[in-house]
Amino acid sequence: MTAPAIELKGISKAFGPVQANKDISIRVMPGTIHGIIGENGAGKSTLMSILYGFYKADKGEIFISGTKTEIPDSQAAIAAGIGMVFQHFKLVENFTVLENIILGAEDGGLLRPSLAKARKSLIGLAEEYGLNVDPDALIEEIGVGMQQRVEILKALYRQADILILDEPTGVLTPAEADQLFRILGRLREEGKTIILITHKLREIMEATDTVSVMRRGEMTATVKTSDTSPAELAELMVGRKVLLRVDKKPAAPGDVVLDIKGLRVVDDQKVERLKGIDLQVRAGEIVGIAGVAGNGQSELLEVLGGYADGTGVVTLNGQTLDLSGKHSDGRSRRGRGIGHVPEDRQREGLIMDFSAWENTAFGYHRAEAYQSGLLLNNQAIRNDTAEKMARFDVRPPNPALAAKNFSGGNQQKIVLAREIERNPDLLLIGQPTRGVDIGAIEFIHQQIVALRDQGKAILLVSVELEEILALADRVAVMFDGHIMGERLSSETDEKELGLLMAGVGS
Amino acid sequence: MDVMPKWAEVVLVPLISLILAAILSALVILAIGEDPVEAVNLMITGALGSTYGWGYTLYYATNFLFTGLAVSVAFHAGLFNIGGEGQAMLGGLGVALACLLIPWPHWTLALIGATLAAGLFGAAWAAIPAFLQAKRGSHIVITTIMFNFIAAGLLNYVLVNLMRPAGSMDPATARFPETVHLPTLHDILGTVGISFSKAAPANVTFLIAVVACVLVWLLLWRTWLGYEIRSYGKSEAAAKYAGISPVAITMIAMLISGALAGMMAINNVMGEAERLVLNAVEGAGFIGIAVALMGRSHPFGVFLAAILFGFLYQGGAELALWTSIPRELIVVIQALVILFTGALDNMVRMPLERLFLMMRRGDA
């Protein structure tokens, strides 16, 4: 029997009182794709950081190809043949692909020989694994999928035999993800060992040979992928039965809350992003905006959220909204009863360095309840935050913790709690579950549906068609700044919407 | 997860930086053939060994408190205000006008009037670069630097051509009337029976500077305006989402910053010189940057850093007076402190972080 490519024995790691990894043992056989699945905060990233030398385990041993190996830092990990592809790429934007690949692995002081050597080996790698990338393209000019290939090539150039990919599909379109999985298949055929960290069940089922499930710092099971099912994995992950479909009653739409007529938006580069949008959202219904990213959905949310200028007529409960000028900003929109969960919570929705309680006031920091005289009533905000965290099951429930220290799902819950608990008439939601684990997805979906059932109007933008179909009562498809068509979600399917998304008219 | 405990972050890093700067300074003093131990002795006794020394140390510290706070407030909004020097010069002009043109009945009223004038002039001088940044995107670092030169030129013109008393050869204003004379620490502490050097220039402004520290702290961490300033400084995209106007915050933060820098003038112009002279600011605007960096833009940190730099200024002056260590070397020592505490912060931080990481591993 061959030795496992990686064997971890009894790995434990604690951060203060938090036990991130508890006595974890795992064997990854060479030439396989091994999935590690678990909710955010289950300890997947900690485990991989130990393997890659970012953290040192409190207890436990690491064996690489049967030999006990110490990995004190990432150099040692690279020397041991481990390569890591991070969720957020570590590339220099204004360097070429080739320059990025040799960065940190140059031979000698002169660049030219290393570049020539890298070019040769890059051609070899491209042939061997089907990883075609233009070596002279600038990183900023190639797509996300290509950038990820560069990260994989970086690892292979450093002679990695074991590749760890951390949530690799988080930023990819479905087509790019399929390509990635084809590449991973090729790598496996060539004898590489791949560890795929993800929280998406579909990817585990499609791509992996073996899957290990983590929950709350423990490895709860390791099974052959062919012997399991998504439902079983979900249950192992969350520790209880999980609804993979959203459970909701048919909508009971009421009066029109949001009425958009002829909405146009021109961006800073003078490009017209919205080319005359007509759309209505009624009380008690969820309208989903489907479409490939970049077809105007972001601009629609921005102009409704008050931080992009537009022209046209938009009314809320019959009252006109200013689309530019002094009364068109996030604050006046909130005053009018529009809540907004932005598409990019880390860039817009939260100040990552601020504590959870400071973030809970964000956008509502001038609210009267938060003031005492000239000063902010920080205690009131803290109390408010503690309550919201409890109601939205934010973990850890610590209002003083900085936003950046929460997992993606919990960050999203903080934003959602802030916007929903203000009881808005209209809630704008962009990508509600991007980078969110499945336990949290279920919870977030339930909250959105509950808000609808209270008779609120909800405008949902998502690039996940499945999510739109599951949540929305009515679907509008955007393409190139136009709405290509509207369908009731009960009367349409992915195929029909897919055609509309590609701009094929009805 | 923070790598280092908070106390190491705020105490250990600056302390080690300081010690490194001190060691290097000692080597420089050795190299020119002087005794570093004696030099340190002289600096400490000169700056802290008598109420006279303290009086000067606190006087300098007062200047640095204002300019340090000025830089800190702008920092929190993500703006790098290098124009403290020019804003303090204009503040001086405001003080001089207030003191010379208005017949104040009592120093308390004069102090209020002069403080307002200093703040107003300083804020006005910061307003132009702020507007250019907010509306036109002209980088505030460049414009504030240029405004320092314009301020120097403007003051030169005003002092030589407009405010110089007839017959005087000195490019300075007339002496302020006796009624606007501010009580010195000697006067203030005398009322409670503590004797303090009469010759030292530290005055009531020091107390105002301490109050300013508290007010800036309140503003930044206890008001929605400060919350908006800090939010904008952390993330412009998030600020826009929340309905915080980048233009308004840029203007407001710079106006506050300029006003604080301008208020330095009540210390050096009204409290000490009692007339406006050329180059009254003497670089305090630039020292403010170092003070803010070292104090991590927190009012309490700024307070400690300002005292330290006050000590360096006064100790350095004593050194130049009593030894053959040339004046220029004092500047070298001050520069080393700035270099280590400001620019080379990471040089100390990185190994310390590694050390703490190792200790944490060792604990388990």
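Not measured: the values here are computed from a predicted model. Below, read A as the first sequence line, B as the second, and so on, with proteins coming before strands; counting in each chain starts at 1.
- Proximity to chain B (any heavy atom under 4.5 Å) is shown, for A:Ala361, by both the backbone and the side chain.
- Using a cutoff of 4.0 Å between basic side-chain nitrogens and carboxylate oxygens, B:Lys240 and A:Glu302 are not scored as salt-bridged.
- For the set B:Ser235, B:Ala238, B:Gly226, the entry with the most heavy-atom pairs within less than 4.5 Å of chain A is B:Ala238.
- At a 4.5 Å heavy-atom cutoff, A:Leu401 makes no contact with chain B through either its backbone or its side chain.
- Within the 4.5 Å cutoff, side-chain heavy atoms of B:Tyr241 are placed close to those of A:Phe362.
- Interface residue A:Leu374: only backbone heavy atoms are found under 4.5 Å from chain B.
- Residue contact with chain A, scored on non-hydrogen atoms closer than 4.5 Å, involves the side chain of B:Ile244 exclusively.
- The residue among A:Gly363, A:Ala57, A:Pro342 with the most heavy atom pairs within less than 4.5 Å of chain B is A:Pro342.
- The number of heavy-atom neighbours closer than 6.0 Å to CZ of A:Phe86, taken from other residues, nucleotides and ligands shown, is above 12.
- In this structure, B:Ala237 and A:Arg347 approach most closely via the heavy-atom pair CB-NH1, 3.5 Å.
- B:Ser231 and A:Ile351 get closest at one heavy-atom pair: O-CD1, 3.5 Å.
- Going from atom CD of A:Glu358 over to atom NZ of B:Lys234 covers 9.5 Å, rounded to the nearest 0.5 Å.
- Ring-plane geometry between B:Tyr227 and A:His365 is classed as tilted, the angle between the planes lying from 30 to 60 degrees on a 0 to 90 degree scale.
- Contacts between A:Arg333 and chain B at a heavy-atom distance below 4.5 Å are absent for every atom of the residue.
- Counting all heavy atoms, side chain and backbone alike, A:Leu375 lies closest to B:Thr223 at CD2-CG2, 3.8 Å.
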